[in-house]
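Everything below concerns the one structure shown next.
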Amino acid sequence: QVHLEEFGGGLVQAGGSLRLSCAASGRIGSLDAMGWYRPAPGNQRELVASITRDGSTNYADSVQGRFRISMDSAKKMVYLQMNNLKPEETAVYYCNVRGSYGPVERVYVNDYWGLGTQVTVSP
């Protein structure tokens, strides 16, 4: 059973900072990537930041330069440092873990999600 637990959400004033943490446990196979997502219009979920096991990162254009993602693969933890937060970034932030398993000839990929942590940015 895979379990993700998120920490670090809270209330901050515009321009402030928060650091989100996510701890994964259970059988996730080979860890491919970890990331953070938030709700988007139309009942969608958009990428905020992600990091692969080889250290490659990806950021939403809107957070580029202000947020930084990092990962401790041995501990199966991912962190998101959020600086200069804006009120429009108030949202529930969800931790995501992607793992794979099986032989090279038949590889399966699974995505696991946390329950989310609330970030509120006041104007």
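In this structure, Y93 and M82 have side chains that are in contact, with non-hydrogen atoms separated by less than 4.5 Å. Residues R98 and V109 are in side-chain contact: their nearest non-hydrogen atoms beyond the backbone lie under 4.5 Å apart. The side-chain heavy atoms of R66 and K86, taken from C-beta on, include a pair separated by under 4.5 Å.
Closest approach of L80 to V48, counting heavy atoms only: CD2-CG1, 4.1 Å. Annotation for S100 and V107: closest pair CB-CG1, 3.9 Å, computed over non-hydrogen atoms. Heavy-atom minimum distance, A14 versus P87: CB-CD, 4.0 Å. L115 and V92 get closest at one heavy-atom pair: O-CG1, 4.4 Å. Between R68 and Y59, the shortest heavy-atom contact is CA-OH, 3.3 Å. The two residues G9 and V119 come nearest to each other via the heavy atoms CA-CG2, 4.2 Å.
There is a side-chain donor-acceptor pair under 3.5 Å between T52 and D54. Side chains of S50 and N58: no donor on one and acceptor on the other come within 3.5 Å.
Within 6.0 Å of CD in E88 there are more than 12 heavy atoms belonging to other residues, nucleotides or ligands.
Within the model, atoms CZ of R53 and CG of D32 stand 5.0 Å from one another, a figure rounded to the nearest 0.5 Å. One finds the CD atom of Q13 at 9.0 Å from the CG atom of L11 (value rounded to the nearest 0.5 Å). Atoms OH and CZ, on Y112 and R27 in that order, are 11.0 Å from each other to the nearest 0.5 Å.
Without hydrogens or angle criteria, S30 side chain to G99 main chain gives no donor-acceptor distance under 3.5 Å. Listed for the E6 side chain is a donor-acceptor partner under 3.5 Å among the backbone atoms of G116.
Both M71 and V2 are part of a single hydrophobic cluster, where members link through side-chain heavy atoms under 4.5 Å apart. One hydrophobic cluster, built from ILVMFWY side chains closer than 4.5 Å, holds both F67 and I51.
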Kindly indicate, with the supporting measurements, whether the criterion side chain to side chain contact (heavy atoms under 4.5 Å, CB included) is fulfilled by W113 and C95. CA-CA 6 Å; W113 296 91; C95 178; over 6 Å; no

CA sep, side-chain torsions, deciding dist, call: V97, L4, side chain to side chain contact (heavy atoms under 4.5 Å, CB included): CA-CA 8 Å; V97 175; L4 306 183; 3.6 Å; yes

Side chain to side chain contact (heavy atoms under 4.5 Å, CB included) for N96 and W36? Distances and angles first, verdict last. CA-CA 6 Å; N96 168 263; W36 293 92; over 6 Å; no

Chi angles and distances behind the side chain to side chain contact (heavy atoms under 4.5 Å, CB included) call for L47, R38: CA-CA 7 Å; L47 171 72; R38 65 192 178 195; over 6 Å; no

Compile the donor-acceptor pairs under 3.5 Å between side chains in residues 72-79 and protein atoms, sequence neighbours left out, one pair per line.
unit_1: D72; atom_1: OD1; unit_2: A74; atom_2: N; d: 3.2
unit_1: D72; atom_1: OD1; unit_2: K75; atom_2: N; d: 3.2

Kindly list each side-chain donor-acceptor pair under 3.5 angstrom involving residues 15-22, sequence neighbours excluded, with atom names and distances?
unit_1: S17; atom_1: OG; unit_2: N83; atom_2: OD1; d: 2.9

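Figure legend: R45 and Y94 shown as a cation-pi pair, the cationic atom lying under 6.0 angstrom from the six-membered ring centre and within 45 degrees of its axis.
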